[in-house]
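In what follows, a single structure is set out as structure tokens and then discussed.
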Amino acid sequence: MATKDKGVRYWLFKTEPDVYSIDQLQKEKTCYWEGIRNYQARNSLRDDAKPGDHVFIYHSNAKTDDGKPAIGIVGIAEVCKAGYPDHTALDPKSKYYDPKSKADNPTWYMVDVKFVRKLNRLISLQELKSNPALEKMLVVQAGSRLSIQPVQSNEWQTVLNMEKNTPK
DNA sequence: GCCAACGTTGGC
DNA sequence: GCCAACGTTGGC
């Protein structure tokens, strides 16, 4: 199924800005999206994410410098390399090391992404939740812990339209 | 810091 | 294969 699908896909990648932020991605321009250790997310990276796919970068567990919540979508990236084995799983010195993953049969996969742009403003989780058009979006679901989420094209467009508005 | 929701592990 | 215990995620 995955290989027959044409056209660009949309994703939402979560990151904790204390670990890796949109600003770091902007500085580095491209990066490995490493350390995904969840099977469902792994399947998306290994099987479905393709170069050219659009990605919302989402900051979880995020606060501003003065301690206010800053959880939400902060920018846009693009997949620039399709799924390949996550070598950090094979490195005993890495905090993402997984002794069960083997070089000849890797458990975990990553993709490369490149920076596209920061959004003009944070689209907060609260704001996403308050938009009825996004009620099916995975990130607003209670208890949604998936760190690599597919996004529907209409959801993608809705968020971009929200960027133009002043937040309530 | 709390804790609910979720995923994984391991005994049986 | 069930399910209790445990660890993690992530909003609040």
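Reckoned from all heavy atoms, side chains included, excluding hydrogens, waters and symmetry mates. Each chain gets a letter, A, B and so on, in the order its sequence line appears, and its residues count up from 1. Remember, it's a predicted structure, so these values are computed and weren't measured experimentally.
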Once you round it to whole Å, what is the distance between P of dT9(C) and CD of Gln149(A)?
15 Å
Gap between atoms CD1 and P, on Ile36(A) and dT9(C) respectively (whole Å)
10 Å
What is the distance from NZ of Lys68(A) to P of dC12(C), rounded to the nearest Å?
17 Å
Would you mind checking if Lys118(A) and Glu163(A) are paired as a salt bridge, meaning a charged N to carboxylate O distance below 4.0 Å?
no
Judged by each residue's nearest nucleotide on DNA chain B, which is more toward the 5′ side, Lys63(A) or Gly143(A)?
Lys63(A)
For Ser144(A) against Lys14(A), the heavy-atom pair lying closest together
O-NZ, 3.0 Å
For the pair made of CG in Leu146(A) and C1' in dC6(B), what is the distance, rounded to whole Å?
11 Å
Clusters formed by hydrophobic residues whose side-chain heavy atoms approach within less than 4.5 Å: which one holds Met110(A), and what are its other members?
Tyr32(A), Tyr84(A)
Taken to the nearest whole Å, CH2/Trp108(A) to C1'/dG7(B) is 10 Å
Here the distance between atom C1' of dC12(C) and atom CD of Glu16(A), to the nearest Å, is 15 Å
Rounded distance (Å) that lies between atom C1' of dT8(C) and atom CG of Asp98(A)
15 Å
Among dC6(B), dG10(C), dG11(C), the one nearest Lys14(A) by side-chain distance
dG10(C)
Ion pair check, Lys100(A) and Asp98(A), cut-off under 4.0 Å
yes
Can you measure Leu128(A) atom CG to dG11(C) atom C1' for me and round it to whole angstrom units?
14 Å
Would you please confirm or rule out a distance under 4.0 Å between OP1 or OP2 of dT9(B) and any side-chain N or O of Lys100(A)?
yes
If the cut-off is 4.0 Å, is Tyr58(A) near the phosphate of dG11(C), judged by side-chain N/O to OP1 or OP2?
yes
Salt bridge or not for Glu34(A) and Lys95(A), using N-O below 4.0 Å?
no
Closest of dC12(C), dT8(B), dA5(B) to the Arg145(A) side chain is dA5(B)
Which residue, Asn61(A) or Gln40(A), contacts DNA chain B at a nucleotide closer to its 5' end, judged by nearest heavy atom?
Asn61(A)
